[in-house]
Amino acid sequence: MASCSLITPASSLASSSLRKLFSSRNSMATVGLLSFAPKTSSFILHSIKQRAYHESSFRVRSVAAPVEDVAGFDDMVAGTQRKYYMLGGKGGVGKTSCAASLAVKFANSGHPTLVVSTDPAHSLSDSFAQDLTGGTLVPVDGPEYPLFALEINPDKSREEFRSATQKSGGTGVKDFMEGMGLGMLVEQLGELKLGELLDTPPPGLDEAIAIAKVMQFLESPEYSMFTRIVFDTAPTGHTLRLLSLPDFLDASIGKILKLRQKITSATSAIKSVFGQEQTSQQDASYKLERLRERMIKVRELFRDTDATEFVIVTIPTVMAISESSRLRASLKKENVPVKRLVVNQILPPSTTDCKFCAVKRKDQLRALDMIQNDPELSSLTLIQGPLVDVEIRGVPALKFLGDIIWK
Ligand SMILES: Nc1ncnc2c1ncn2[C@@H]1O[C@H](COP(=O)(O)OP(=O)(O)OP(=O)(O)O)[C@@H](O)[C@H]1O
C-alpha cells in the first residue's frame, strides 16, 4: 500500500488506550512523523530529520512582513486580564477543532477558560467527546486548569427575544392596536418590519442573541474566574451578518421602546383595562432595554483591540482563501481586530510516489501562494496546521493539535 507522510500518533496506535482516544482510520496507510509517550501523555518527534521538517512546516510564521508585530502563543497567553478569541471561517474548515484546541492550550497554560459555541449547529460536544449540551456551564474533563464549555441554545434565545418583542410592540401589540382602532400606530409598527424579523429571523440573529446572552452570563460572579474566553462562531456568512446586526437590533429595539411609550400614552384612557398586561409589557420593555445594552456591549467587544482578537480559520483551497479574504475585508470595515490566519489541514510533502498526494499538495501550495499576494491576508501572521490522519476528538487529541498550531 502506498504510504504518505501525514501527521499521525503512529506508534501510539499500537497502544489500546490510545486507540480509544483516536479513531484508527487510515493508520495502516501512513508513516508516522510523531510518536506518543504514554507516560507523559505528550507527542514527541520521531527523528531529527522529521523534526526539522515539522518545525519548518508547521510553526507560526509570517507570509509577509506583518503590519503589526504579532508574537506567537506567548502573546496570546500573556497577562491575566480577560481576553476574548473569536474563531471564524467557512463551514467545515476546522473552526471548532481550532477553538477547542486553543481553549485546552489556555487551560493547560494556567488560564481558567471558557469555550463558547454560538454556532447554531453545535459541535463542541463532538469535538471534546463529552456531553456539553444544556445551555449552561459544563466542566470539561482533562485539562490541568479549569476549562468549561457553554453551548448556547439559539432556539431558546430567539424565543425569548420573540416573546419580549411581541409583548412590547411586536405583532401581539399590533393585533391589540388594530382591535382598539388605533390604526395610525399600526402603520409605524409596519415600518419596523417586526413581523418579518420575528417570523423569518435574518441569519445571524440567533448568534447575535447568543453572544448577547454570553455577555449577560459574563456579568455574573459565577463567570468572573475566566481569563480566556474562546468563541467557536458560526460559518462566515452568519458572522458577517452578526457584525451589522447589533446596529440593526439596536435601532429596532430603540424604535420598539419609543413606540411602546406612545402606546402607553395613547392607551392611558383605558389603562384600567390593561391590568396584568401592562405589567408584563413593562417587564418586556425592561428585557428589551437590557438586550439593547448587551448588543451595544457586543459591538464594542468586537472592536476592542486590547481585549479581543478574531482569528480567521481556513483551508488551502482557492475557494476557502477567497472567502477568507472577503471575511477579512468585512472585519476590517467593521474595525474588528484580526492578526492571525490559521490555514488548517495542510498536507505535508509526500515522501512516496503517491500521485494523488503530490497533486493535492501542489494544489494546496498554489492556494497558499494566493495568501502571499492577497491584499487582505498577506499582512496577517500565518499559522499552518497539518492535516492529521485521525479525527480530532477528545482532550488528548485537541492537546496534540493545539501544541502544533498554537506556538
Ligand atoms: N487538521 C486536521 N486534520 C485532520 N482532521 C481535521 C483537522 N481539523 C479538523 N479536522 C476534522 O474536520 C472535521 C470538521 O472539523 P470542525 O468541526 O472543527 O470544523 P468546523 O469548521 O467547526 O465545522 P462547522 O462549520 O461544520 O462547525 C472534523 O471531523 C475534524 O476532526
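Heavy atoms only: backbone and side chains are in, while hydrogens, waters and symmetry mates are out. In listed order, ligands and their atoms are each counted from 1.
For Met225, the CE atom is densely surrounded, since the number of other residues' heavy atoms within 6.0 Å is greater than 12. Counted within 6.0 Å of NZ on Lys332, heavy atoms from surrounding residues, nucleotides or ligands total more than 12; the atom is thus considered enclosed.
Ring pair Tyr84/Phe231 is parallel by interplanar angle, where below 30° counts as parallel and above 60° as perpendicular.
Residue Leu387 has no N or O atom closer than 3.5 Å to an N or O atom of ligand 1. Of the polar atoms of Val390, none of the N or O atoms is found under 3.5 Å from an N or O of ligand 1, judged by distance alone. By the 3.5 Å distance cut-off applied to N or O atoms, Val93 is counted among the residues near ligand 1. Residue Gly91 has no N or O atom closer than 3.5 Å to an N or O atom of ligand 1. On a distance-only criterion, Asp232 and ligand 1 share no N/O pair closer than 3.5 Å.
Interface atoms of ligand 1 facing Glu391, defined by a heavy-atom separation under 4.0 Å, are 29 (O), 31 (O). For ligand 1 and Pro386, the ligand atoms under 4.0 Å from any heavy atom of the residue are 1 (N), 2 (C), 3 (N). Under a 4.0 Å criterion applied to the non-hydrogen atoms of Lys95, ligand 1 contributes the atoms 18 (O), 19 (O), 20 (P), 21 (O), 22 (O), 24 (P), 25 (O).
Taking CD1 from Ile312 and CD1 from Ile383, the interatomic distance works out to 11.5 Å, rounded to the nearest 0.5 Å. Ser109 OG to Tyr145 OH: the interatomic distance, rounded to the nearest 0.5 Å, is 9.5 Å. To the nearest 0.5 Å, atoms CE (Met86) and OG1 (Thr233) are separated by 8.5 Å.
Residues Asp363 and Lys360 are not paired through a salt bridge, judged by the lack of any N-O separation under 4.0 Å between the basic side chain and the carboxylate.
Glu309 pairs in a salt bridge (Lys or Arg N to Asp or Glu O under 4.0 Å) with only one of the listed residues (Arg228, Arg340, Lys83), which is Arg340.
If you check each of Thr233, Asp126, Val388 against atom 4 (C) of ligand 1, the one with the closest non-hydrogen atom is Val388. Atom 9 (C) of ligand 1 has its nearest heavy-atom neighbour, among Ser127, Gly88, Ser97, Ser123, in Ser97.
No heavy atom of Gly385 sits closer than 4.0 Å to any atom of ligand 1.
Counting heavy atoms closer than 4.0 Å to ligand 1, residue Thr96 contributes atoms from both its backbone and its side chain.
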